[in-house]
There are 2 protein chains.
Amino acid sequence: MSTEPTAPTRRTELLGIAAGLFAEKGFKNTTVRDIAEASGILSGSLYHHFDSKESMVDEILSTFQEELFAAYDAVLASDVDARTKIDRAVRLSFQAIDQHPHEVAIFQNDAGYLGGFERFGYLAERNAQSREVWVSLLTEGVRSGALRHDLDIELTYRFIRDTVWVAVKWYRPGGRHSHVEIADQYLTILLDGISTDPQSPSPRERP
Amino acid sequence: MSTEPTAPTRRTELLGIAAGLFAEKGFKNTTVRDIAEASGILSGSLYHHFDSKESMVDEILSTFQEELFAAYDAVLASDVDARTKIDRAVRLSFQAIDQHPHEVAIFQNDAGYLGGFERFGYLAERNAQSREVWVSLLTEGVRSGALRHDLDIELTYRFIRDTVWVAVKWYRPGGRHSHVEIADQYLTILLDGISTDPQSPSPRERP
DNA sequence: TGGTCAACCAAACAAGTGCTTGGTAGGCTA
DNA sequence: TAGCCTACCAAGCACTTGTTTGGTTGACCA
């Protein structure tokens with residue numbers, strides 16, 4: 001990320017406060033007066049720093065997405081087998097939830113609403129991009145024999161995406177489980193299942 | 001359900017329209033004028049049928065939850081092993097998404113916000129109740145040897161709950177996958193994993 | 001000392017919000 | 001025919017919303 005050195009300006013501080021409120025109550029449900037009160041100023045004063053309430057989420061989300069997808073690209077480009085890539089991508093996601101819970105929560109809760117505005121078209125683009133990453137990883141895994149070939153790639157992608165990202169709704173940094181423990185447990189279940197016996201028909205076959 | 005025979009009254013019709021809008025745009029983000037316009041009447045006329053906008057969601061959610069939890073109770077009370085119960089509970093959930101997509105979506109998206117009002121205290125209660133159902137099922141499964149005993153019950157419960165219910169965000173009745181196919185695929189992955197080989201350490205052990 | 005500037009205040013505005021009020025049209029029934 | 005009832009309209013009220021405007025404060029600097 002080679003933008004500015006990002007000094008901890010008042011602007012940045014206000015964005016952090018806004019992000020917390022957006023994540024907690026939702027974008028539409030958070031008023032500029034809420035943000036102002038939490039910042040110890042009046043609502044009108046926010047407009048000295050930002051054009052609009054929309055531009056606040058915009059800055060919050062776009063900054064985060066840039067960072068996140070740079071990390072995904074690094075995983076995709078790494079020279080390891082599909083299984084390891086999947087492992088890393090899952091861990092990366094839980095780590096993102098740990099380090100940027102507000103941003104992830106806003107994206108999870110309000111992407112649908114915000115996506116309706118032209119300004120936030122990049123949200124849908126990033127979503128499609130993320131899907132392609134996962135679908136290609138899973139396809140590679142099946143082709144290499146590391147993953148079962150009776151998998152429906154599209155459904156499997158959705159299951160993984162959903163489970164990973166919705167965790168932001170209950171995960172609390174510094175809580176009972178670290179994001180690493182959660183990733184461990186999920187990867188165990190995802191790769192090998194919760195069962196002791198393989199289920200009756202069509203068990204683990206090799207290509 | 002032994003309430004009233006529920007004739008297809010205008011009231012019921014309006015509730016259905018409201019449910020669709022709430023599910024699509026969120027409760028807070030749907031105005032009474034939206035609902036009225038979609039119904040072909042003026043906003044004030046809604047108050048001939050309902051006390052408030054809140055009482056509309058209330059009726060939508062409470063009716064659905066009653067029905068859903070009666071079904072869960074039946075699964076819990078059935079005389080089969082834990083694995084079969086888990087199978088049935090998962091299928092039941094995907095079926096609920098298929099038959100009541102609006103209600104599920106509203107619950108998923110707005111339970112957090114609505115839960116803040118006393119009136120909707122039952123939402124949190126039902127949530128706790130649902131957790132107990134799953135935790136007891138999983139615990140029984142581990143104890144009986146059907147499920148791996150290195151599972152973190154709490155995390156496993158959350159993973160299952162999240163994956164199942166968030167599916168309402170992309171599942172479309174009559175779409176490419178039936179709810180039965182989706183349940184099949186998810187149960188396959190959940191029980192046996194996506195991998196062909198059991199992962200390196202601590203594979204499938206018996207108690 | 002005077003000028004500049006970021007940060008903020010105080011007050012308001014227009015649009016949108018949930019909801020209320022008084023009234024009306026038309027069907028059903030006693 | 002009279003009375004009642006369901007379903008609705010028309011208009012508005014009180015409040016909240018995002019945003020604008022003109023002015024004030026205090027730190028920094030030449």
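Letters A, B, ... mirror the listed sequences (proteins, then strands); counts begin at 1.
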Colleague: How many Å lie between CG on B:Leu46 and P on C:dT20, as a whole number?
Modeller: 12 Å
Colleague: Of all the heavy-atom pairs spanning A:Leu151 and B:Gln185, show the shortest one and how long it is.
Modeller: CA-OE1, 3.5 Å
Colleague: If you only use heavy atoms from C-beta on, which nucleotide in C:dA10, D:dG18, D:dA10 is closest to the side chain of A:Lys53?
Modeller: D:dG18
Colleague: Nearest-Å distance, CG (B:Asn29) to C1' (D:dT17)?
Modeller: 13 Å
Colleague: Considering heavy-atom distances to DNA chain C, does A:Ser43 or B:Asp34 have its closest nucleotide positioned more toward the 5' end?
Modeller: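 The 5'-side residue here is A:Ser43.
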Colleague: May I ask you to evaluate whether B:His49 reaches the phosphate of D:dC8, defined as a side-chain N or O under 4.0 Å from OP1 or OP2?
Modeller: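 The answer is yes; a side-chain N or O of B:His49 sits under 4.0 Å from OP1 or OP2.
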Colleague: Output yes when at least one side-chain N/O atom of A:Arg11 is less than 4.0 Å from OP1 or OP2 of C:dA6, else no.
Modeller: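 Looking at the OP1 and OP2 atoms of C:dA6, neither is under 4.0 Å from any side-chain N or O of A:Arg11.
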Colleague: With a 4.0 Å limit, can you tell me whether A:Tyr47 has a side-chain N or O closer than that to the phosphate oxygens OP1/OP2 of D:dT19?
Modeller: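 Yes, A:Tyr47 has a side-chain N/O under 4.0 Å of OP1/OP2 on D:dT19.
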Colleague: Choose from D:dT19, C:dC19, D:dG18 the nucleotide whose nearest atom is closest to any side-chain atom of A:Thr31.
Modeller: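 Of the options given, the side chain of A:Thr31 lies nearest D:dG18.
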Colleague: Measure CD/A:Glu37 against P/C:dC9 and give the value in whole Å, please.
Modeller: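 Nearest whole value for this atom pair: 12 Å.
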Colleague: Atom CG of B:Leu42 to atom C1' of C:dT20: distance rounded to whole Å?
Modeller: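 Those two atoms, CG and C1', are 14 Å apart.
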Colleague: Taking CD1 from B:Ile41 and P from C:dG18, how many angstroms apart are they, rounded to a whole number?
Modeller: 14 Å
Colleague: Nearest whole Å is fine: how far is D:dG18 P from A:Ile35 CD1?
Modeller: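 Atom CD1 in A:Ile35 sits about 8 Å away from atom P in D:dG18.
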Colleague: In this structure, how many angstroms lie between the P atom of D:dT20 and the CG atom of A:Asp51, rounded?
Modeller: 8 Å
Colleague: What nucleic acid atoms does A:Ser39 come within less than 4.0 Å of, heavy atoms only: base, sugar-phosphate, or nothing?
Modeller: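 The residue A:Ser39 makes no contact with any strand.
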Colleague: Looking at every non-hydrogen atom in both residues, tell me the closest pair between A:Tyr186 and A:Val90 and how far apart they are.
Modeller: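 For A:Tyr186 versus A:Val90, the nearest heavy atoms are CD2-CG1, 4.0 Å.
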Colleague: It should be established whether B:Ser45 places a side-chain nitrogen or oxygen under 4.0 Å from OP1 or OP2 of nucleotide D:dC9.
Modeller: yes
Colleague: Using only heavy-atom distances, decide whether a donor-acceptor pair under 3.5 angstrom links the side-chain of B:Arg33 to the base of C:dG16.
Modeller: no
Colleague: Checking the side chain of B:Thr30 only, and the main-chain atoms of B:Leu21 only, is there a donor and an acceptor separated by less than 3.5 Å?
Modeller: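 Flag set: sc B:Thr30 to bb B:Leu21 pair under 3.5 Å.
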Colleague: Atom CZ of B:Phe50 and atom P of C:dC19: how far apart are they, to the nearest Å?
Modeller: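 Interatomic distance, CZ of B:Phe50 to P of C:dC19: 13 Å.
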Colleague: Does this structure show an ion pair linking B:Arg176 with A:Glu154, if we count only N-O contacts that are shorter than 4.0 Å?
Modeller: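 No, B:Arg176 and A:Glu154 are not salt-bridged.
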Colleague: Return no unless some side-chain N or O of A:His48 is found under 4.0 Å from OP1 or OP2 of C:dC8.
Modeller: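 The answer is no; no side-chain N or O of A:His48 sits under 4.0 Å from OP1 or OP2.
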Colleague: Does B:Thr31 offer a backbone N or O that forms a donor-acceptor pair with the side chain of B:Asp34 under 3.5 Å?
Modeller: yes
